[in-house]
Protein chains: 2
Amino acid sequence: MVNSKTKGKFKDFLLTQGLKSTNQRELILEEFLRAGAHLSTEDLYLRLRKKNPRIGYATVHRTLKLFAQCGIAEQRHFGDGQARYEASDHDEHHDHLICISCGKIVEFEDSRIEELQIEVAGEHGFSIERHRLDLYVYCSHCSIQT
Amino acid sequence: MVNSKTKGKFKDFLLTQGLKSTNQRELILEEFLRAGAHLSTEDLYLRLRKKNPRIGYATVHRTLKLFAQCGIAEQRHFGDGQARYEASDHDEHHDHLICISCGKIVEFEDSRIEELQIEVAGEHGFSIERHRLDLYVYCSHCSIQT
DNA sequence: GCCTAATTGAAAACGAATTTCAACTTAGAC
DNA sequence: GTCTAAGTTGAAATTCGTTTTCAATTAGGC
């Protein structure tokens with residue numbers, strides 16, 4: 001079964017918050033986990049629509065916010081003005097390479113960069129809560145055409 | 001005189017693009033340079049309004065886009081859903097520390113981080129066009145209260 | 001089953017960005 | 001200086017993604 005652990009986490013979250021477990025929420029979580037990538041609300045809504053036309057945009061929107069609260073998803077912005085959500089993995093943080101040409105998004109992580117960030121913030125007397133590092137690139141495929 | 005070099009660059013840009021030099025554009029550029037910080041369209045519009053009520057929001061918006069095209073300003077997003085513009089300095093790139101609590105923005109640069117970014121992108125066969133590194137922190141003042 | 005509170009989805013509202021369009025201004029030609 | 005074509009302006013309208021409203025529906029404890 002796909003990600004039964006995450007599903008459990010979400011159910012627990014709903015319980016502790018006094019919220020209800022509904023069919024829509026289950027469907028949305030399943031599709032969200034299946035899709036994997038960096039989805040906008042619109043993307044997910046359209047995917048769900050195909051399988052079950054009875055799901056509304058507002059519900060998808062609200063459920064994604066619940067995912068974020070629950071800690072199983074994170075909201076991100078890559079500069080195209082649309083919010084995207086990705087399944088969050090609290091053990092390993094990662095940053096993004098975004099192709100300016102085709103929009104492809106690749107994840108990466110580099111502990112040396114992370115350490116330097118902490119150092120820099122510390123020099124200013126600040127403590128890092130979170131950070132975002134986006135590298136806007138031409139991917140290997142797109143840079144051929146340039 | 002404040003930033004006559006930048007003003008010249010903008011005039012040249014207008015000329016080469018077949019655009020016209022207008023009073024509004026001059027006023028907007030002057031106020032933009034004077035203000036310095038990370039301004040939203042709204043911010044700049046309000047500042048201009050005080051001195052000259054005859055300037056429209058649309059013109060400020062369009063002029064800021066011209067600045068970005070011309071290379072004398074850069075558009076940024078810090079997650080509050082509003083675009084901000086800052087005067088760009090092509091010689092020295094910098095990143096941002098943003099206080100989650102009070103919204104204060106501090107600039108910094110660290111060449112070691114920059115180098116590692118190039119290295120990481122290279123490992124994936126990508127070439128960096130630009131990047132964004134935002135560190136969301138509690139600044140020294142705000143972290144006292146936490 | 002019953003009741004209460006949460007949830008749903010369509011539509012409306014929202015906020016920021018962007019476009020429209022008629023009136024106006026600029027800059028080059030004469 | 002005058003004329004003219006082309007670019008610019010600002011108020012209002014439009015767009016686009018996000019968020020809220022509200023009446024109808026559903027979940028889940030009793």
Side-chain angles (χ1 to χ4, degrees), chain A residues 7 10-29 31-32 38-70 73-85 103, chain B residues 10-32 38-70 73-85 103:
Chain A
K7 289 183 188 172
F10 186 51
K11 282 221 163 141
D12 288 350
F13 170 79
L14 292 177
L15 261 174
T16 62
Q17 299 291 309
L19 303 177
K20 288 172 180 171
S21 181
T22 69
N23 201 245
Q24 284 92 329
R25 285 178 177 163
E26 278 174 36
L27 286 171
I28 294 170
L29 179 53
E31 190 60 32
F32 175 67
H38 305 80
L39 293 170
S40 65
T41 308
E42 179 84 17
D43 291 339
L44 189 54
Y45 170 66
L46 291 175
R47 289 182 68 123
L48 284 157
R49 260 289 119 122
K50 284 183 192 163
K51 300 179 182 173
N52 188 338
R54 310 204 118 287
I55 290 185
Y57 185 95
T59 304
V60 177
H61 170 259
R62 285 184 286 229
T63 306
L64 280 170
K65 286 217 302 194
L66 283 181
F67 292 170
Q69 278 176 49
C70 166
E74 276 174 50
Q75 197 191 48
R76 304 196 147 272
H77 291 266
F78 292 115
D80 64 350
Q82 256 194 317
R84 287 169 191 284
Y85 289 84
Chain B
F10 187 51
K11 282 221 163 140
D12 288 350
F13 171 78
L14 292 177
L15 261 174
T16 61
Q17 300 290 310
L19 303 176
K20 288 172 182 172
S21 181
T22 70
N23 200 247
Q24 283 92 329
R25 285 177 177 165
E26 278 174 36
L27 286 171
I28 293 170
L29 178 53
E30 258 187 56
E31 190 60 33
F32 175 68
H38 306 80
L39 294 170
S40 66
T41 308
E42 179 85 15
D43 291 338
L44 189 53
Y45 170 66
L46 291 176
R47 289 182 67 123
L48 284 158
R49 262 284 125 122
K50 285 183 192 165
K51 300 179 183 174
N52 187 338
R54 311 205 119 285
I55 291 185
Y57 185 95
T59 304
V60 176
H61 171 259
R62 285 183 287 227
T63 306
L64 279 170
K65 286 217 303 193
L66 284 181
F67 292 170
Q69 278 175 49
C70 167
E74 278 174 50
Q75 198 191 48
R76 303 194 148 273
H77 291 265
F78 293 115
D80 63 351
Q82 255 194 318
R84 287 169 191 285
Y85 289 84

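Just so we're on the same page: letters track the sequence lines, and every chain starts at 1. Treat the numbers as computed from the prediction; the structure is a model and nothing was measured.
Listed here is the closest heavy atom pair of B:Lys20 and B:Leu14: O-CD1, 3.8 Å. Minimum interatomic distance between A:Arg25 and A:Leu19 (heavy atoms only, all atoms of both residues): NH1-CB, 4.0 Å.
When A:Thr63, A:Ile55, A:Thr59 are each tested for a side chain to side chain contact (heavy atoms under 4.5 Å, CB included) with A:Leu27, only one passes: A:Ile55.
One atom, CG of B:Leu66, and another, P of D:dT9, lie 9 Å apart when rounded to the nearest Å. In this structure, the CG atom of A:Leu19 is 16 Å from the C1' atom of D:dG29, given to the nearest Å. Distance A:Arg25 CZ to D:dG28 C1': 13 Å, rounded to the nearest Å. Going from atom CG of B:Leu64 over to atom P of D:dG10 covers 14 Å, rounded to whole Å.
Taking the side chain of A:Thr22 as heavy atoms from C-beta on, and the options D:dA11, D:dA27, D:dT9, the nearest nucleotide is D:dA27.
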Restricting both atoms to N or O, compile the protein contacts to nucleotides 18-20 of chain D shorter than 3.5 Å, with distance only.
unit_1: D:dT18; atom_1: OP1; unit_2: A:Ala83; atom_2: N; d: 2.9
unit_1: D:dT18; atom_1: OP2; unit_2: A:Tyr57; atom_2: OH; d: 3.4
unit_1: D:dT19; atom_1: OP2; unit_2: A:His61; atom_2: NE2; d: 2.6

Produce the list of close N/O pairs, under 3.5 Å, pairing protein atoms with atoms of nucleotides 2-5 of chain D; give distances to one decimal.
none

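You'll find the side chain of B:Leu44 reaches within 4.5 Å of the side chain of B:Leu48, heavy atoms only. Looking only at side-chain heavy atoms (C-beta outward), B:Gln69 and B:Phe13 come within less than 4.5 Å of each other.
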**Item:** Check against ring-ring contact (aromatic ring centres under 6.0 Å, His included), B:Phe67 and B:Tyr85
**Value:** CA-CA 9 Å; B:Phe67 292 170; B:Tyr85 289 84; 8.3 Å; no

**B:Leu39 vs B:Arg84, side chain to side chain contact (heavy atoms under 4.5 Å, CB included): CA-CA, chis, key distance, verdict** = CA-CA 5 Å; B:Leu39 294 170; B:Arg84 287 169 191 285; over 6 Å; no

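The side chain of B:Gln17 contributes no N or O atom lying less than 4.0 Å from OP1 or OP2 of D:dG7.
In this structure, the side-chain contact (heavy atoms from CB on, under 4.5 Å) partners of B:Glu42, at least two apart in sequence or on a different chain, are B:Ser40, B:Leu46, B:Tyr57, B:Gln82. B:Arg49 pairs by the side-chain hydrogen bond (donor to acceptor under 3.5 Å, both in side chains) definition with B:Tyr45, not counting sequence neighbours. Legend: residues meeting side-chain contact (heavy atoms from CB on, under 4.5 Å) with B:Lys51, ordered by chain and number and at least two apart, are B:Glu31, B:Arg34.
In summary, contact between chain B and DNA chain C, defined as any nucleotide atom under 4.0 Å from a heavy atom of the protein, begins and ends at C:dA16 to C:dA27 in the 5' to 3' direction.
The aromatic rings of A:His38 and A:Phe78 stand perpendicular to each other, their planes meeting at an angle above 60°, with 30° marking the opposite boundary.
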